[in-house]
Amino acid sequence: MTTTKVTLDSYRPLGRSGLRVSPLALGTMTFGADWGWGADWDEARAIFDAYAGRGGNFVDTANAYTDGTSERMVGEFARGRREELVIATKYSMPTRPGDPNSGGNSRKSMVRSVEESLSRLRTDYIDLLYLHMWDGGTPVEEILRAMDDLVSAGKVLYLGVSDIPAWQVSRMQAIAELRGRAPLVALQIPYSLVERTVERDLIPMAETMGLGVVLWSPLGSGVLTGKYTRADLETGNGAGNGQSTRKDVAIGNGFLTERALDIVDVVKDVAAEIGTTPSKVALAWTMLDPSVTAPIVGARTMAQFDDNLGALDIELDAGQRARLDEASTVDLGFPHETLRRFGVAR
């Protein structure tokens, strides 16, 4: 049997849309040193140019990443090739301390965030706008109408959501369809060998409702690179915000745990068998799920970027995949486990 080699220009549709994107997205939360650990201008430029130069077209940022520096860098780096790129950004995170309307999911937050993102990105349209994080209070009708208005105005082309309950997404998609509003085409979620709980509802929901699944932290905040040991469990403060150390983010997100390190041991064993790195194995595993459109790789150095890109060349045999699956499997809970016993697929 022959297989077709997957490369950055092996473009695929994003959800139930005609938009074509690369099988690995370039994450730019690491662009800018504002939070104390990101890539400086020259390193970020080199990573961006290498990604685009190899055919990569799917760039992920957000209004709040490195306090706006990430978007400014993307806007500058995209000059001269803007039309070749699919630039995704997000709104929802607060940008002005003390101002309750500078974040959240409201129309005011959305419209102002988009205008500011357009300025930082030096563009007159955003390819893909995500709701970054569910605020639990804004009516979905307000969100959908404001999103639809931005699409009608040509300032946004496609819509997505991130970090939100599955039932809210399915509700939003049904309302959009019934009322003739612009549909959601992408769902951004954490998914990796150390975070598989999204298999319970979010991934099957996205598959059914026509949303392409885009993965943040497919390496579990770096845990799956193998750089942490059990000693690190005792030395982090667990603050899960972007301005903490990378280890604190990993602990705060729940990715750096005793169980996760047990999974990493299996990843290391598989990597040793293949003669590659743990990060390549972990990224390659995420791409085995046909529901996944693209993992987001967020490199701080060219060496990390090259290593992540190498995941496209990794082939896991049935035995290796089974070992990784077994080590990382999660209980899907009710009703999924009950239905599975009766032979009902998800």
Side-chain angles (χ1 to χ4, degrees), residues 4 6 8-27 55-62 83-92 105 110 114 125-134 140-191 198-216 218 286-296 336 344-346:
T4 302
V6 177
L8 285 178
D9 57 1
S10 300
Y11 306 118
R12 53 189 57 179
L14 180 63
R16 202 172 293 154
S17 79
L19 188 65
R20 301 279 171 165
V21 297
S22 293
L24 281 177
L26 178 64
N57 76 339
F58 197 10
V59 180
D60 184 87
T61 186
E83 295 306 313
E84 303 168 12
L85 300 172
V86 175
I87 296 178
T89 193
K90 312 174 190 74
Y91 89 101
S92 297
N105 302 155
M110 184 191 309
V114 165
Y125 71 96
I126 293 165
D127 293 288
L128 174 62
L129 175 69
Y130 290 101
L131 180 155
H132 199 162
M133 181 173 288
W134 182 240
V140 295
E141 292 84 356
E142 177 180 340
I143 296 167
L144 291 169
R145 182 56 189 269
M147 283 181 161
D148 190 68
D149 286 347
L150 288 170
V151 172
S152 296
K155 294 183 178 183
V156 172
L157 303 187
Y158 296 92
L159 303 169
V161 285
S162 174
D163 300 356
I164 180 173
W167 69 271
Q168 287 286 9
V169 183
S170 57
R171 178 177 174 229
M172 291 171 73
Q173 191 75 316
I175 292 172
E177 182 177 345
L178 288 170
R179 296 187 179 174
R181 305 266 167 79
L184 304 171
V185 303
L187 173 71
Q188 190 171 134
I189 53 175
Y191 185 47
V198 293
E199 293 177 6
R200 291 171 179 156
D201 291 297
L202 283 160
I203 286 181
M205 178 279 301
E207 195 171 23
T208 300
M209 303 300 290
L211 283 72
V213 178
V214 181
L215 312 181
W216 64 262
T286 67
M287 291 186 281
L288 293 172
D289 189 325
S291 302
V292 171
T293 301
I296 299 170
H336 311 294
V344 179
R346 76 179 190 186

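A quick note: this is a predicted structure, and the numbers were derived from the prediction, not measured.
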Hey, is CZ on R145 packed in by over 12 heavy atoms from elsewhere, all under 6.0 Å?
no
Is it the case that over 12 heavy atoms from other parts of the model lie below 6.0 angstrom from the CD atom of E142?
yes
Measure from the side-chain N and O atoms of [X] to the backbone N and O of [Y], and report whether any donor-acceptor pair falls under 3.5 Å.
{"X": "K90", "Y": "L129", "answer": "no"}
{"X": "Y158", "Y": "A88", "answer": "no"}
{"X": "S92", "Y": "L131", "answer": "no"}
{"X": "N105", "Y": "M133", "answer": "yes"}
{"X": "Q173", "Y": "L184", "answer": "yes"}
{"X": "S22", "Y": "L8", "answer": "yes"}
{"X": "N57", "Y": "R20", "answer": "yes"}

Please give me the minimum heavy-atom distance between [X] and [Y], naming the atom from each residue.
{"X": "A182", "Y": "V151", "answer": "CB-CG2, 4.0 Å"}
{"X": "P23", "Y": "P295", "answer": "O-CD, 3.2 Å"}
{"X": "G27", "Y": "I296", "answer": "CA-CG2, 3.3 Å"}
{"X": "A62", "Y": "H132", "answer": "CB-CE1, 3.9 Å"}
{"X": "Y125", "Y": "G154", "answer": "CB-O, 3.5 Å"}
{"X": "G15", "Y": "T293", "answer": "N-OG1, 4.4 Å"}

Inter-residue atom distance [X].[atom1] - [Y].[atom2], 0.5 Å rounding:
{"X": "I143", "Y": "R181", "atom1": "CD1", "atom2": "CZ", "result": "12.0 Å"}
{"X": "L19", "Y": "L128", "atom1": "CG", "atom2": "CG", "result": "7.5 Å"}
{"X": "D60", "Y": "W216", "atom1": "CG", "atom2": "CH2", "result": "12.0 Å"}
{"X": "M287", "Y": "L215", "atom1": "CE", "atom2": "CG", "result": "9.5 Å"}
{"X": "L187", "Y": "D163", "atom1": "CG", "atom2": "CG", "result": "9.0 Å"}
{"X": "M172", "Y": "I164", "atom1": "CE", "atom2": "CD1", "result": "5.0 Å"}

Can we say D149 and K155 salt-bridge, meaning some charged N sits less than 4.0 Å from an Asp/Glu carboxylate O?
no
With side chains defined as the heavy atoms from C-beta onward, is the minimum distance between [X] and [Y] less than 4.5 Å?
{"X": "I87", "Y": "I126", "value": "no"}
{"X": "E199", "Y": "Y191", "value": "yes"}
{"X": "D127", "Y": "L85", "value": "no"}
{"X": "V169", "Y": "M209", "value": "no"}

In sequence, state the C-alpha distance, the side-chain angles, and the governing distance for I189 and I203, and then conclude on side chain to side chain contact (heavy atoms under 4.5 Å, CB included).
CA-CA 9 Å; I189 53 175; I203 286 181; 3.8 Å; yes
